[in-house]
Amino acid sequence: MKKTAHIISHSHWDREWYLPFEKHRYYFIKLMNNLIDQFKKEGNAFESFHLDGQTVLLEDYFAVHPENREIIKQLIEEKKLHIGPWYVLQDAFLTSSEANIRNLQIGLNDTKAYGHAAKIGYFPDTFGIYGQAPQILRQAGIDTAAFGRGVKPTGFNNTVSDSPNFESPYSEMIWQSPDGSSVLGILFANWYSNGNEIPADKKEANVFWDKKLQDAEKYASTNQLLFMNGCDHQPLQKTIPQAIETAAALYPDYTFKHSSFDQYTEALKESLPEKLQVIEGELRNQRTDGWSTLVNTASSRIYLKQWNNYCQTLLEKVAEPLATINFLAGGTYPREYLRFMWKSLMKNHPHDSICGCSVDEVHREMVTRFETVSQMGEVFVRENAAELAERIDTSETPEGGIPLVVINQTGWKKNDVITKVVDLEKVYFSQMHFEDIPFYLQDKETPGYKLINDQGETIECQLGDPVVEFGYELPDDKFRQPFFAKRAKLSFFADGIPSFGYKTFYLVPAETPEQFTGPDKMEEKSIEMENEYVHLHFHEDGSFDLIHKETGESFQRLGIYEDTGDVGNEYMYKEAKGHGAITTNGKTAEFKFLETTNLRTVLEVTQTLSIPASADDRLATERNQLIWHKDRVAGRSSEKTTITLRTVVTLAKGMKGPAFRLTIDNQARDHRLRVLFPTGLKADTHRADSIFEIVTRPNMPEEEWENPSFCHHQQRFCSLADDHIGLTVATDGLQEYEILADGTIAVTVLRSTAELGDWGNFPTPEAQCLGIQTAEWQVLPHEKDVIQSQAYVDAYEYKVPIVAVQPSIHKGLWPTTHQFVESEANGLAWSSMKVAEEQDDVMIRWFNPTPEKMSLKVSIKDYQSYKSTILEERTNQTEEQYKAGKSEIITLGFYQKG
Ligand SMILES: [Zn+2]
């Protein structure tokens, strides 16, 4: 049978990488203009171009050439130009679960205006892919994925070896998610450039095709061969029609076709062999020597990951669910604004952006984008929370009292210490001459207060000393309203704030103010912290023993810092030769309690570490000579510098484990700093938070792994456990960890390097991350493993704030305590709540982290529920109680009855 060579013209467009965005865009505009010219040419057989799977490129083009919108639309409708399904080609592991779904949702939404989308899960360059991708694609109606990394191709006639999960004899395979969903997986076994720059000249074409046909046939399971005509930022090959003519004349046994993914996959599916290798779960280059997995992009420029975690949390765990609650209370849902915020954030999600593996200009621009998103998110949250609070009836506020509404927009019931600055008294500039107000407020006596809930019960609280400060309001219907307020910081334990709901408290004047302060521990000799769940005892070197009270089990000497030299690059860590790790072990630390009350203990631990100032001189030479990181012999400099590690430890009432914030003024170059948790636990595997999955990974690599480092990605936590007890480390944007042979969890808190590290010499001095850097994490001991004990809920809650508002006193439609969504979802992990893109349906998503079927019962008053997909399609699948299958991502929709 005649073989078909499908030639797909494309250009893999990293929007920013070794050049900043605008410089790359300059060349992109040229490419697009050339493409339009080429398609327009009379009698030209230029038939197809694949626009790299990301719709953002259309925005990039139309910003400069809005006049070409119609012609582009026409090319897409005629199925010449192929767009989608993603919005951006994002990094799969360094962006959140929701961001991965929104990327598909927004991308497919963009393609609707053009009536056609390339229905292929396109991951050409993605630095490893999460295991739930087949399930996500299936829910979006996509049955095929193409990727360049993660699976080892073994070639035709080679048998698949001992660990078939990550190997395939063919470039085609079945890729399966843990829930059992699968897609046809196409591996770019010879990379996505295997048909780049095809010669039109007969002699050159002969040499080219002899090799390329053989390479493709080595892995192809059918007679349909794929040739990707393009590479990174590849200009258009205008001579493709001639090159195809030449090839057809040279190789009469083959059909050469200027093809598209639609055409190629259709032909492929018709001729697939009956049996293909099934590849399960995440694709992370498990069967390689470990030197080019690009995993250490997880620790390159950690400040970007921290910014991203903040912005993602703000949008998906605060802004969206809060706006949805406000919608259920009678407000409108600003979906366009939310989509705009998501799109703005996602411009930071491409693999060369969030991975921190570009030149410095790129990452400077990213910080500005993150700042922009945070500005939008913060004003959105403030306004939506205030709107909701104004709908709540606060007219029962006791005489002289101040109402406070605590909104829990999350899917978890909350028991948290809340801190909120409260305006005790406010005088507007319209009421008194502004110069007089501060004196008036200062001189006026402040009454004592106590805090009560809406049942009249007194709540434990602390109210700080009042200060007088300027403030202003921006009303909807009149000019700005400046004022001075006498305000004070209120802290209290808010018990049982219902999920998707709120509770009202009142600060009321009291004859005998009922505030609580704890015993003064400042003088104590031994440094200890304790709450109802854990006990900490600090050693002289700043490490601590942690007792889990429920089981009485303990962990010893957690929290040691470790510094090593790094002569790698933004992609990969390479330990400097001839130096061991420098640690805080045994070095004296200083301790200072910053707060000791019944609600909260805060301890500051200060350590200093003398470390080499940089790598030695050999590194500069090795960088200049483009010596691959793996082969470098550079060591660390003999010149030393001192870094000060200032760690603030907080243990508040209700916390399942202590939280840490490290601040370091980094003045050393070419190094990596980690915090170590020697758990002493014996296990072969561990768990890590990934995309809609708490994945199990081996502690030790496969046998061909040569890299001494075996780091992994995490979303929000990693966890090690034996049959009895476990330790989970939840983090805020620290996405790299390693499990050491002795059962130590090592979390990277800082990595300093100075070059990009691909195809040339691109210095990136700002990747040294000099100056003030921070890192935050929480340590959670628990019984059994992180899933069985449901400690993952605590880990997911870490750094997800709830919102406290001080409303005015007024009548309102809603009672003082309310829950808008009643849910029984025990054992499922809540992910999001929003209003649908196309209709006013409320959409709530969870995933099942367990291998068992779980039940889910959720109701909203006057709404009808149904089971939906990630694309928010309304269905007739309605149950009293839903079942979430093993590892299922489950989205329920709710529409208003009647
Ligand atoms: Zn790329």
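Computed from a predicted model, the values in this text were never measured in an experiment. Hydrogens, waters and symmetry mates play no part in the numbers below; they use all other heavy atoms, side chains included. As the structure lists them, so they are numbered: ligands from 1, and atoms in each ligand from 1.
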Measure from the Zn ion (ligand 1) to each N, O or S atom of Asp232 and report whether any distance is below 2.8 Å. no
Tell me, which N, O or S atom in Asp125 is closest to the Zn ion (ligand 1)? OD2
State, to the nearest 10 degrees, the angle whose vertex is the Zn ion (ligand 1) and whose arms point to NE2 of His351 and NE2 of His12. 100°
What N/O/S atom of Asp14 gets nearest to the Zn ion (ligand 1)? OD1
Are Arg287 and Phe166 in a cation-pi setup, meaning NZ or CZ lies under 6.0 angstrom from the ring centre and within 45 degrees of the ring axis? no
For Asn707, is there any backbone N or O sitting under 3.5 Å from a side-chain donor or acceptor partner on Trp705? yes
Does the side chain of His629 come within less than 4.5 Å of Tyr573's, by heavy atoms? no
Hey, are Asn229 and Gln237 close enough side-chain-wise for a donor-acceptor pair under 3.5 Å? yes
